Amino acid sequence: MEKFNNTKFIANDFETIKNAMLKIKKNGTRTLVVVNTNKQLLGTLSEGDIQKALIKNVKVNESIKKIYNKKPKKIYIYDYKKINLREIFISGQFGLIPVVNKNNVIKKIVTWNDVFRNEAFDDLKKIEVVIMAGGKGTRLLPLTKIIPKPLVPINNKPMLQHIMENFTYFNFKKFNLVINHQAELIKSYFKPLSKKFDIKFINEKKPLGTAGGLSLVKNLKSENFILSNCDTIFRIDYQKFYKTHIKNKNRITLVVSNKNYELPYGVCKIKSQKLNSISEKPKLNFLVNAGLYLLDKRILKLLKKNQFMDMNNLLNICIKKRIKIGIFLIENKNWVDLGQLSDFKKASENFE
């Protein structure tokens with residue numbers, strides 16, 4: 001575990017943005033811990049914080065004092081051995097977390113690599129990721145009137161880039177982007193990122209639905225592959241997801257989550273045209289499909305090229321054929337549907 005005096009993770013609040021950028025580039029955590037001269041925690045500074053500042057024309061020779069996060073995630077030293085670090089890092093997608101004593105003095109800095117040091121995720125490295133990025137994003141109008149949905153920014157970074165970076169935490173390397181609407185604009189943005197992501201673009205000439213778009217994906221080398229939408233961000237344990245899929249010998253494993261809904265009306269039960277009972281604003285619970293899948297690539301044989309099909313159609317076909325489909329349950333806090341305007345503020349507050 002890295003000690004607090006390792007300068008590549010530490011910055012003083014009077015340091016320049018330029019110097020902080022160089023440290024972040026070297027330390028590989030996308031983050032710095034900001035301290036005063038007594039090693040007391042003041043906050044954290046992320047790549048996202050710097051990007052937001054530069055967009056506002058803050059000069060790189062200015063200090064970081066006004067741009068770092070003053071309310072960082074931290075762990076108290078007396079809680080350190082009691083908590084589940086793995087769960088905290090995955091749910092927050094933290095590059096690092098400072099550990100402090102009761103006086104807020106840094107005692108340790110725990111990084112993602114510290115927590116997952118013994119897990120190279122080599123089995124995940126081989127698995128390809130298919131992301132459906134061809135939709136028009138009508139639910140996000142007027143944001144998508146000019147810019148395609150995958151490029152709609154959250155904290156000054158396209159939502160699709162957020163999704164791909166979250167995958168890279170678990171060593172996923174290869175991405176297949178199925179694109180249609182404003183395809184050239186999406187290509188022009190992601191081609192310069194070829195050093196960061198191994199990307200293959202697949203052009204969808206007409207909307208084919210999530211499953212229909214899969215019929216265009218060719219030459220997958222991995223026996224299993226991830227399928228994701230471009231408007232949902234997940235913070236889950238992909239290693240556990242994969243092991244569940246393999247252990248249960250599923251052909252498809254879909255991520256599901258519990259959703260609670262409260263009806264805004266009293267619900268009436270009647271019998272023989274007479275009111276039998278009434279429940280005021282009942283709460284309903286549903287297990288919903290979150291839009292993330294792990295599939296055996298043999299499933300692709302069920303698809304006809306250039307024929308529209310959504311995922312519900314494909315899942316129902318598999319059910320009829322008695323093809324094994326399993327589920328992977330996650331908590332609501334571990335995913336955000338960015339396809340709805342109502343969730344955009346929440347996403348902006350919680351994703352770098």
Side-chain angles (χ1 to χ4, degrees), residues 25 28 30 47-48 51 93 95 120-137 140 144 147-236 238-239 241-242 255 291-295 297 299-300 303 305-306 311 338-339 347 351-352:
K25 186 176 180 180
R30 308 175 189 173
E47 284 183 337
Q51 287 173 353
Q93 297 284 279
F121 304 124
D122 287 337
D123 45 358
L124 300 186
K125 183 179 179 179
K126 301 173 185 177
I127 297 175
E128 295 188 54
V129 178
V130 178
I131 301 178
M132 293 299 164
K136 292 185 177 181
L140 286 177
T144 49
I147 192 169
K149 179 172 67 172
L151 297 185
V152 171
I154 299 172
N155 284 349
N156 307 306
K157 187 187 296 182
M159 65 166 72
L160 180 53
Q161 188 174 345
H162 279 286
I163 290 168
M164 294 170 71
E165 287 180 351
N166 285 348
F167 278 118
T168 61
Y169 270 109
F170 283 86
N171 217 13
F172 291 99
K173 301 290 186 183
K174 297 183 178 180
F175 297 90
N176 298 267
L177 304 185
V178 180
I179 53 179
N180 178 303
H181 181 62
Q182 294 188 298
E184 292 306 314
L185 192 57
I186 297 170
K187 283 183 181 179
S188 66
Y189 180 86
F190 280 97
K191 277 184 177 179
L193 300 179
S194 58
K195 290 183 178 180
K196 191 172 187 178
F197 307 110
D198 182 356
I199 302 175
K200 179 180 178 182
F201 296 100
I202 300 162
N203 286 306
E204 186 183 46
K205 293 181 179 180
K206 62 179 181 179
L208 296 174
T210 301
L214 277 178
S215 69
L216 305 177
V217 180
K218 299 178 180 179
N219 303 319
L220 285 175
K221 294 182 179 179
S222 57
E223 293 302 314
N224 296 280
F225 67 95
I226 294 277
L227 174 62
S228 174
N229 294 319
C230 73
D231 56 9
T232 310
I233 291 182
F234 294 88
R235 288 172 165 174
I236 67 172
Y238 284 99
Q239 182 76 58
F241 182 31
Y242 175 71
V255 173
L292 182 68
Y293 312 85
L294 187 53
L295 300 96
K297 72 176 181 180
I299 292 294
L300 297 178
L303 304 173
K305 190 173 181 180
N306 290 318
M311 278 304 294
L338 303 173
F351 290 89
E352 288 294 347

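All values derive from a computational prediction rather than experimental measurement.
Between Pro150 and Ile186, the shortest heavy-atom distance links the atoms CG-CD1, 3.8 Å. Closest approach of Val217 and Leu300 over heavy atoms only: O-CD1, 4.3 Å. Closest non-hydrogen pair, Ser188 versus Leu185, comes out as OG-O, 2.7 Å. In terms of heavy-atom proximity, Glu204 sits nearest to Gly213 at OE2-CA, 3.8 Å. For Leu216 against Asn203, the heavy-atom pair with the smallest separation is CD1-O, 3.7 Å. Summarising the geometry of Phe175 relative to Ile131, their closest heavy-atom pair is CD2-CD1, 4.1 Å, with the distance given to 0.1 Å.
The line from CG of Asp123 to CZ of Phe170 is 11.5 Å long, rounded to the nearest 0.5 Å. Between the CG atom of Leu208 and the CG atom of Leu214 there is a distance of 10.0 Å, given to the nearest 0.5 Å.
The 12-atom threshold is not exceeded at NZ of Lys126, counting heavy atoms of other residues, nucleotides or ligands nearer than 6.0 Å.
Taking Tyr242 as the reference, nothing meets the ring pair (Phe, Tyr, Trp, His ring centres under 6.0 Å) condition, with sequence neighbours excluded. Evaluation of the side-chain hydrogen bond (donor to acceptor under 3.5 Å, both in side chains) rule for Lys25 yields no partner, not counting sequence neighbours. Every side chain to side chain contact (heavy atoms under 4.5 Å, CB included) that Asp198 has, sequence neighbours left out, goes to Lys174. Here Lys196 pairs with Glu165 under the side-chain hydrogen bond (donor to acceptor under 3.5 Å, both in side chains) rule; sequence neighbours left out. Applying the side-chain hydrogen bond (donor to acceptor under 3.5 Å, both in side chains) test to Tyr238 and every residue at least two apart in sequence or in another chain returns nothing. By the side chain to side chain contact (heavy atoms under 4.5 Å, CB included) test, Lys191 is found to be paired with Lys187, Phe201, residues two or more places apart in sequence or in another chain being considered.
Ser222 contributes a side-chain N or O that, together with a main-chain N or O of Glu128, makes up a donor-acceptor pair within less than 3.5 Å.
A donor-acceptor contact under 3.5 angstrom links the side chains of Asn171 and Lys173, judged on distance only.
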